[in-house]
Visitor: 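A single structure is presented below for examination.
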Amino acid sequence: MRPGAAGTLKAVFLFFASVCAWYSGYLLAELIPDVSLSSAVYSIRSIGERPVLRAPAPKRQKCDIWTSCPPNTYAYRLLSGGGRDKYAKICFEDELLIGEKTRNVARGINIAIVNYATGKVIATRYFDMYEGDNSGPMTNFIQSAPPKSLLLMVTHDDGSSRLKEDAKKAIEALGSKEVRNMRFRSSWVFLTAKGFELPAGIEREKINHSDNSRNRYSGWPAEIQIEGCIPKEPS
């Protein structure tokens, strides 16, 4: 073969090889999805690593209490007010009976009456114990609760200044051990039943007195709460 023909054949072969290489690269680029270099490096480094097991988010319970209530029980949560602007709350079976959102909470003693058989609220009211003569009306409200009722009481701000003997006796008759210990701006919560007895293990009353040396808020003690599950009436 002549030298010129050999050179031409070599050039054709190189051109053909270049075209094949370019086309192979083109096909490879089309078949492989776009992945950033950092992602590729991370994927390679992740091979062999142990998977991270994440705990599921805790399930929300009725009234935001800590533990779930078993079947055939009512969930409840009573929270006293804290300071001037943290309003008291009464929640029963995941329904806010008294609170800022329901616009039925105020300074004094806030009370909700619940039908024990149905779990439905009968009435809610608040009684200012700093101004006005509301001790008598509150006594009448408490005594008007029908048999087989649950009564839930929380203070916001001051619940003692104008609390008179008749009201103390009415609350004491329902089982309160702390109503006579209330002082100016004491935080107090109380759960009780009328016409039947609550189980012995039910958390039903707490009190926290104002003490300038340890108050959470300026002039007010920390809010307090009780919560739990009340067995329903057997059907």
Visitor: Write out all pairs satisfying ring-ring contact (aromatic ring centres under 6.0 Å, His included) with one or both partners inside residues 208-227, taking only residues at least two apart or from two chains.
Guide: none

Visitor: For Lys168, I'd like to know if atom NZ has over 12 heavy atoms of other residues, nucleotides or ligands within 6.0 Å.
Guide: yes

Visitor: Kindly work out whether a path of hydrophobic side-chain contacts (I/L/V/M/F/W/Y, heavy atoms less than 4.5 Å apart) joins Leu78 to Ile230.
Guide: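 Leu78 clusters together with Ile230.
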
Visitor: Is there side-chain contact between Pro231 and Ile202, with heavy atoms separated by less than 4.5 Å?
Guide: yes

Visitor: Between Asp133 and Lys164, is there a salt bridge with N-O shorter than 4.0 Å?
Guide: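 Salt bridge between Lys164 and Asp133, a charged N being under 4.0 Å from a carboxylate O: yes.
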
Visitor: Say you draw a straight line from CG of Asp158 to OG of Ser187; how long is it, rounded to the nearest 0.5 Å?
Guide: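 So the CG of Asp158 and the OG of Ser187 are separated by 10.5 Å.
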
Visitor: Has the side chain of Asp94 got a donor or acceptor atom that lies under 3.5 Å from a matching backbone atom of Cys63?
Guide: yes

Visitor: With salt bridge (Lys or Arg N to Asp or Glu O under 4.0 Å) as the criterion, how do Asp157 and Arg185 come out once you've worked through the C-alpha distance, each side chain's angles and the decisive distance to 0.1 Å?
Guide: CA-CA 5 Å; Asp157 196 345; Arg185 287 182 175 171; 3.2 Å; yes

Visitor: Is Leu151 reachable from Tyr74 through a run of I, L, V, M, F, W or Y residues, each pair having side-chain heavy atoms under 4.5 Å apart?
Guide: no

Visitor: Could you tell me whether Phe141 atom CZ has more than 12 heavy atoms of other residues or ligands within 6.0 Å of it?
Guide: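 Yes, enclosed.
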
Visitor: Could you tell me whether Glu178 and Lys206 make a salt bridge, using a distance below 4.0 angstrom between a side-chain N and a carboxylate O?
Guide: no

Visitor: Step by step, work out the side chain to side chain contact (heavy atoms under 4.5 Å, CB included) result for Ile171 and Ile142.
Guide: CA-CA 8 Å; Ile171 296 172; Ile142 291 171; 3.7 Å; yes

Visitor: Does one hydrophobic cluster hold both Phe92 and Tyr116, with members joined at side-chain heavy-atom distances below 4.5 Å?
Guide: yes

Visitor: Only pairs at least two apart or in different chains count here, so list each ring-ring contact (aromatic ring centres under 6.0 Å, His included) that has a residue in residues 146-167.
Guide: Tyr87-His156

Visitor: Could you note down all residue pairs passing side chain to side chain donor-acceptor pair (under 3.5 Å) where residues 188-201 supplies at least one of them, sequence neighbours left out?
Guide: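 Every side chain to side chain donor-acceptor pair (under 3.5 Å) pair that includes a residue of residues 188-201, provided the two are not neighbours, is Trp188-Glu205.
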
